Every structure is written in C-alpha cells, then in structure tokens.
Chemist: 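If you scroll down you'll find the structure; I have some questions about it.
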Amino acid sequence: MTASTDFLAKLNPSQRAAVEHFCGPLLVVAGAGSGKTRALTFRIANLVLNHRVDPESILAVTFTNKAAKEMKERIEVLFAEQEAQAKHGKSLSALPEYEQTKLRSHVYKTVTKHLWIGTFHALCSRILRFDIEKYQHPDGYTWKKTFSIFDESDAQSLVKNIVTKQLNLDDKKFNPRSVRYAISNAKNQNFTPAELEKEQPNYRGRMVADVYRHYEKALAANNSLDFDDLIMIPVKLFQQNESVLGYWHNRFRHILVDEYQDTNRTQYDLIRLLTTNGEDIQQFNDWRNRSTFVVGDADQSIYSFRAADFTILMNFQNDFGDGLADDDTRSMVKLEENYRSTSNILHVANHIIENNTERIDKILRATRGEGETIFCYKADDEIHEADFVVGQLRNLEFQHPELKWGDFAILYRTNAQSRSFEEILTRYSIPYQVVGGLRFYDRREIKDVLAYVRAIANPDDTVSLKRVINVPRRGVGKGTLDKLDQATQTLGCPLWEILRDEGSVKTLAGRSAKGVLEFARIIKKCRDRLDDAKGSEIIQELLEDSGYIDALKAEGTEEADERIGNVQELYNAVLQFEEENEDSSLLAFLANASLASDLDNMEEGNNRVSLMTLHSSKGLEFPVVFLVGLEQGLFPNFRSLEDPAATEEERRLCYVGITRAKERLFISYARERRLYGHREPASPSLFLGELPVDYVTTNSGLGMPQRMTTPIRDARSEREGAAKPGSGAHEFDWNAGDIVVHPSYGAGEVTHIFGAGNKICLAVKFPNQGRKIIDPKLTKLQRAE
DNA sequence: CCCAGTGTCTCTTCC
DNA sequence: AGACACTGGG
C-alpha cells in the first residue's frame, strides 16, 4: 500500500491536527456535528497508511455496535479508495463492480479484520474469551471460557432471590431493583462489596454489600457474568496479573475512545491500565509508538444513570495530557465547526445549553445558512400531538420531493410515548421503525431458545437450565424444581450434575422424572455435537428435538405463529453470523446476541420514519426532527425535578435532541396526557421557557410557558456580567481544599481543578447541592477563610 | 401440575 | 392500559 496524504485534504485544520497527531495523548473536544466520526476513521486510516501501524495494535472504542460497524465500513471504503488510486489510477466507483469487490475484500483481509473496533462491552468480552480463566476472585471464585452473559432481567431475579430467599430481607425496604442498581453502580466504579460498604457505612450500605457478595457467588456458581462484569473483570484481572496486562498493553499501542464524556470509572481504569501498563498515571510518560486519543463533548453527557462521569473527560489534560492552557497545549484539539445544522437550529441549541452551570466553555460555529425557524406546537393531548406530527410529516414529504420517509425522526424521552405515533402512522400507511423498546433478543421465544443454547454451551448455567426445563411443558413443575434445587444446595453442585445422573433424577423427581430425563437427553445430545457441528445445525436439531416449534404450532394462534416466525428469524441470524464472522462459535454468537442493541438493527436506506428515545438518537442525524412531549415531569423527567444536577442532564438530553436536526426542527407538547390509563393534566416543560423567542414560531403565542426562577437563572445573569475580557482568573490561584462561596449554592469546597491558565474550571462540592463544575471566570466565587 | 382469574405495580434513559 | 406475579380450584 502506498503512503498517501491527499485524503487528508478533505479535513478542516483542526480535524487535520487531530488526525495527524501521531504519538502521545490527545483529547478532542468535539461539539455536535463537528465531524468527529470522520476524525476517528481518518485517524485510523492515517495511522496505518502513513505511520505503518499494524492494524492489530489499534483499539477503537465506540458507543454502539452500530457505530463500530459503520466505522469499519468507512475505513474499508477509505482504504479501497486509496488502493484504487494507487493500482488503477481511478476512483473506486469508476471501477467495474467485481474490481470493487475484490479490492474491498483485500482491504478486509489485510486491514479491517485485524482492527479491534467495538463497544467497551464487546471488546472486553473478547478479551475475556482469551483470559478469564486467569482471573482470581477475592473470594476464590473462578470462571471458564464458556461463561454466559446475564441480561438485566436475569441479574434482577438473581438479586430478588438473594434478598427474599437467602437473606430474608424485606423486599419493600430492599427493593430488588434498587439494590441491583446499587450493585451495578458499585461495579461501574470498580468497587468490591467491601469498598461499597466503606463508601456507605450504614445499615443499608452493609446490607447491599452483603447482597452484592451473595450475588457474586451466584454468578460464579452459574459461570456467568453480568454486563458490568464484562468491564470490571478485565480491569481487576489487569490489576492482579502483570503478564496479562503486559500482553494487552504491548498489543494495543493506539487506543481511541469515542464519546469519552460517557465513560465511567471502571472504563476509565481500563483505558488507563492499557495505556500505562499499570504505572502511576502521573509518572507515566513513555509515549513512544503509543497514543491514547479520546473524543467527547461534556454537553452531550447523558448517561450518568449508568455511572458515566464527564469529569473524567475534563480531567484528561491533567491525567494523560500536558496540562497546559488551550493556546499552548499539544494534547487537546477543539472541533467547533458544525457541519450539520442550520444556524437557526444551532442558535436554539446553544441558547438552551447555556442554562447549564456545569460545563466547559465551547463555541459551536455554524457553517450553514439560516434555515427555517423552529416551530413549537401546543396540542390538547398526546393523540392530538401525534396528529400534528404526522400531518407535518405528510405535508413536508409531499412538498419536498427530495425528502424521503427515512429523513424524519420522532424523538421522545420515554419508550412508552411511541404508541400514539405508531397508531397514527399506521392509519396513514406511513412506513416507520421503532428503535428500542422491546429488543428482538428480549422476546420470550428468543430468550427461550437462547436459554437452551446457553445451557448447552455452559453446563454451569443453572438459570438457563431452569428457564427451559419445562418449556415446552414436560410435566416438570415447581415441586420438582424445588426438590432438585434443594439437592444442589445440599451437595453444593450445579443443577446439571444432578440432571445428568438418571438415578438421582428418578429418586428426586418421582412422577416428573420422565420429563426431566427427556430434557437432560436433549441437552446432552446437543452438547456432544458442540465440537464438530456448526451452531446453526445444533440449533436446528434442538428446535426439532425439544418440541419447541411443535408446541407453538399446536397452539395455532396468531401470536404463536408470530413466535415461530421470530424463532425462524433467529435461526437466520445464526446463519448470517456464521457467514460474516471469523469466530462463528455458538459462544461468540451468544455474546453478540447479549450485547446487541435494538439500534443495531436500525437500517438506514430502508426509508422509514424513525421513532426512538433521545438517548438512542445520540450520534445520529436527520433532516427533519420532531422533539415531542416537552412537558414538566415527562421531559425533564419527574425523577430529576428536585435535583439541579439531574435537571442539567435532562437539558443536555434536550441539547442532544435539538442538534440531531439538519434542516427542520419541530417541538411539541400536550396540555393533557394519558398516564397509567388515566388522563392527567400536563404543564409545559421548563425547556420551552428557555427557547429564544425570536427563533421560534408557535401555534399559541409565546407567552405560554412560564419561565422558572431557579438558582440556575441567577447564575446565568451573573455570567453575562462577568464574561468580559479583563476580569480574569489570574487574580486567583486556586487549590483543592479552598472554601468558596457561590452566589446561589452557598459555601463549598474546591475538590478538583481542571485546565490551566485562563481556561481553568473548578469542581466544587456543596453540602446540599452535590458537586458542581464551575468556571470562575463566568461565576463569581468569593473566597472564604 | 396446570390454568384462569385476581391483584399489584409501573413510565426513565441502555450496553 | 397492560405486563406480571400470585392464588385457588380442577
């Protein structure tokens, strides 16, 4: 392959600086629509083409599987283009189709196949397939390569069982869901049960830690991991085993992380360990042939509910970087040109996000024309709202021949809001796709079949065995299951150890023994073929043998037919997986299925209106966006109303939604909405009051939403006064531990200092408000003694 | 052991 | 309104 720089000419200067930065740390602060995916893909291409980096030593972390797939695709095209120029002196598209295919498959074999691109979860599960057997849990548990990945409902029923059955706790006080959430949170911060207990030294903390301990034991007994383990266990393994860490550290010399503002503590630890080989981050400076390149935007941090912490991004300069101010630093680049949206849309977005106090200074410059104004619609109820949206949709599609159904998106805060839109879209026969909600892999029949497969691949997976031991009905009821359970507890062995032994089953199960033995026979038979048969063959056999399909056929209902169809689709997915993947084992397929999100199925070019939550929409863009349900309690969600930090996250979510739009943006809300089957009055969202009046047209005059007076507003007016040049941060020399007084939050303690020079930001902990990030240039802080 | 009928809770957001 | 867990009669 010939070295080439002409593809870099397509980049703007800051993009180019980011892409061409070779070794060392780099933070790319990339606003919405500033071409960060482009920077990432071009960077990978540049590393391989111009710096001769071995594709195997590149690790790129994306936020979704879909993004990973797209990135591989784009890199493949980029390389094929280079080769087409070098070999044929023509552009790729000018070549005959068979030449194109040939080139692309060559690129696949030599480059893209060897790149590790994926989500934290997918990449970590790959690492674990190599190394999990070397991991030692502090309580002595170990795992095998055949581990299962439990989904959220598996995890929750495990927790419920521990709370109610094993520890006899009151499940009102220790609601399994919130306990599970607390455990997940602990794992996302790389806390062991003991560390969690230390963090919360009270009765509840002790109890949750105890559940956590039992939960770990149960996972180990099933040779299973939950989602959080996929990341935490590699981290703990790296911390305890130098040679394992050394291997991966040497292998991954160029690390790229997208959406860095949404990483949590454990994910950060992983990146840090891989970069420094376990050396203290402050001491580490051996960047020869190595880079750690992260891209993010603190204004788009929307995952704090799964322990994402955007101060990790703000700390990058101190952690990995040179810690110098913007003008001098060599470890930060800002992408501030927005290529996506009209300037009207951008203005509205910028205006909204300015209401947040927790942010770093960033300008998003428009590169496009003004465009249309934003339209804000007040509806009577959610049906009327859907009528409005679909009416606009049809109008625009009719009037603008260039607009296709696939160019429209309806974005909402909660999945439950999709229904009213679906009904009306169906009525007008407009094709649509709902992204999210019930995942394909979460359907009952799919989970059943996958439970069979998991049980076959992982003999210790008792949870899966129990799920399907009586599916279809084999006369194995609760009584029998209890007896089997008891036996496993007494013997301390997995369920399968009992099932495999005919004598034991006959003794324990009595009349049900026949069904249990039949089940055991099926599992065993399929398991025996694991080594020599293809996964698809085993599944086919399983579906016949188990009578699963026959039982559905016998039902004869429309619902059962649909389930049969879904199972068929699953089978097709296995076939496709085997075709597309190097490692096409059932284990690999299962991992893929566990980590698949509904977004991954979303197809572009199938020309359907997209319906999805704001969270799912991150990273996407649409010519026309409808942002719906802007009501207090819905968006911002009622759980965040009391907490200013949570409200700010909702506002970032709103910012994400607005910045998805390229040409047109519609915002809507209803006066009344159905909730739990009852009509409830609704009031306009706080965010409506923050829209810049001159940029918005409405159907009801703009007096409507009352502006809320909150401390946040006060902080803003403060800011306008203070943001003059001259009033600098140089006056003060800030230190961690300083006590300051904030105009609206009162006294607090400085805990961190971000940035340097006149670009300094402070993290201040207020007794009642929690931690805030404050720019002392914008908000006057008084120093207290 | 299985089914049908009743009661309970829920709507954050996702890998 | 709808999904899901629990209970009691067959």
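Labels below follow one simple rule: chain letters A, B, ... track the order of the sequence lines, proteins then strands, and each chain is numbered from 1. None of these values were measured; they are calculated from a predicted model.
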Chemist: Strictly by modelled atom types, are A:Thr414 and A:Gln417 linked by a side-chain donor-acceptor pair under 3.5 Å?
Modeler: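 Indeed, the side chains of A:Thr414 and A:Gln417 share at least one donor-acceptor pair under 3.5 Å.
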Chemist: Are A:Asp151 and A:Ser594 close enough that a side-chain donor and a side-chain acceptor fall under 3.5 Å?
Modeler: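 A:Asp151 vs A:Ser594: no donor-acceptor pair found between side chains.
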Chemist: Please work out if A:Ser594 contacts a base, only the sugar-phosphate, or nothing of the nucleic acid, heavy-atom cut-off 4.0 Å.
Modeler: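 Nothing, no nucleic acid heavy atom in range.
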Chemist: Using heavy atoms and a sub-4.0 Å distance, could you list which residues of residues 260-270 of chain A are near DNA chain B? By number, please.
Modeler: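 Going residue by residue through residues 260-270 of chain A, none turns out to have a heavy atom under 4.0 Å of DNA chain B.
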Chemist: Check whether NZ of the Lys or CZ of the Arg A:Arg652 lies under 6.0 Å from the centre of the six-membered ring of A:Tyr655 and within 45 degrees of that ring's axis.
Modeler: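 Judged by the rule, A:Arg652 and A:Tyr655 form no cation-pi pair.
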Chemist: Mind checking the P distance from B:dT13 to C:dC4? Whole angstroms is fine.
Modeler: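 Roughly 15 Å separates the two P atoms.
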Chemist: Could you tell me the separation between the CD atom of A:Glu423 and the C1' atom of C:dG2, rounded to a whole number of Å?
Modeler: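 Distance, rounded to whole Å: 14 Å.
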Chemist: Go through the side-chain N and O atoms of A:Thr266 and A:Asn188 and say whether any donor and acceptor fall under 3.5 Å apart.
Modeler: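 There is no such pair (donor and acceptor under 3.5 Å, judged by atom type) between the side chains of A:Thr266 and A:Asn188.
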Chemist: So A:Asp598, base contact, sugar-phosphate only, or nothing? Heavy-atom distance under 4.0 Å.
Modeler: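 The residue A:Asp598 makes no contact with any strand.
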Chemist: C:dC4 P sits how many Å from A:Lys160 NZ, rounded?
Modeler: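 Computing the A:Lys160:NZ to C:dC4:P distance gives 13 Å.
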Chemist: For A:His615 and A:Phe305, I'd like to know if the aromatic rings sit close, meaning centre-to-centre distance below 6.0 Å.
Modeler: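 Yes, the ring of A:His615 comes within the 6.0 Å limit of the ring of A:Phe305, centre to centre.
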Chemist: Could you check whether A:Arg473 gets within reach of a base, just the sugar-phosphate, or nothing at all, counting any heavy atom under 4.0 Å?
Modeler: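 Contact class for A:Arg473: sugar-phosphate only.
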Chemist: Between A:Asn637 and A:Arg306, which has a closest nucleotide on DNA chain B that is more 5'?
Modeler: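 Going by which nucleotide is closer to the 5' end, it is A:Asn637.
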Chemist: Reckon A:Thr480 touches a base, only the sugar-phosphate, or nothing at all at heavy-atom distances under 4.0 Å?
Modeler: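 Here A:Thr480 touches the backbone only, sparing every base.
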Chemist: Using a 4.0 Å heavy-atom cut-off, does A:Arg652 contact any base of the nucleic acid, only the sugar-phosphate backbone, or nothing at all?
Modeler: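 No contact.
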Chemist: So does A:Arg443 have more than 12 non-hydrogen atoms from other groups sitting under 6.0 Å from CZ?
Modeler: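 Yes, enclosed.
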Chemist: By nearest heavy atom, map A:Ala416 and A:Thr119 onto DNA chain B; which one lands nearer the 5' end?
Modeler: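 The residue mapped nearer the 5' terminus is A:Ala416.
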Chemist: Quiz question: by atom type and distance under 3.5 Å, do the side chains of A:Glu422 and A:Tyr432 form a donor-acceptor pair?
Modeler: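 Distance-only check passes for A:Glu422 and A:Tyr432.
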Chemist: First locate atom OG of A:Ser224, then atom CG of A:Asn458, and finally report the distance between them rounded to the nearest 0.5 Å.
Modeler: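 Taking OG in A:Ser224 and CG in A:Asn458, the distance rounds to 5.5 Å.
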Chemist: Between the side chains of A:Arg454 and A:Asp461, is the shortest nitrogen-to-carboxylate-oxygen separation below 4.0 Å, so that they form an ion pair?
Modeler: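 Looking at A:Asp461 and A:Arg454, the cut-off is met.
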Chemist: Taking any heavy-atom pair under 4.0 Å as a contact, classify A:Thr64: base, sugar-phosphate, or nothing.
Modeler: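 Since no nucleic acid heavy atom lies under 4.0 Å of A:Thr64, the category is nothing.
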Chemist: Heavy atoms under 4.0 Å, any strand shown: does A:Asn470 hit a base, just sugar-phosphate, or nothing?
Modeler: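 Contact class for A:Asn470: sugar-phosphate only.
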Chemist: Hey, does A:Gly436 reach any base, or is it just sugar-phosphate, or nothing, if we go heavy atoms under 4.0 Å?
Modeler: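 Nothing, no nucleic acid heavy atom in range.
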Chemist: Give me the first and last nucleotide of DNA chain B, going 5' to 3', that has any atom under 4.0 Å from a heavy atom of chain A.
Modeler: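 Nucleotide range with atoms under 4.0 Å of chain A: B:dC1 to B:dC15.
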Chemist: Separation of A:Asp442 atom CG from C:dC4 atom P, in whole Å?
Modeler: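 Between P of C:dC4 and CG of A:Asp442: 11 Å.
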Chemist: Atom CD of A:Glu580 and atom NZ of A:Lys69: how far apart are they, to the nearest 0.5 Å?
Modeler: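 Result: 6.5 Å between the selected atoms.
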Chemist: Is A:Arg419 touching bases, backbone alone, or none of the nucleic acid, heavy atoms closer than 4.0 Å?
Modeler: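 If one applies the 4.0 Å heavy-atom cut-off, A:Arg419 turns out to touch the sugar-phosphate alone, with no base involved.
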Chemist: Remember a base hit wins even if backbone is also touched, and classify A:Phe120 as base, sugar-phosphate or nothing at under 4.0 Å, heavy atoms.
Modeler: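 No contact at all - A:Phe120 keeps every heavy atom at 4.0 Å or more from the nucleic acid.
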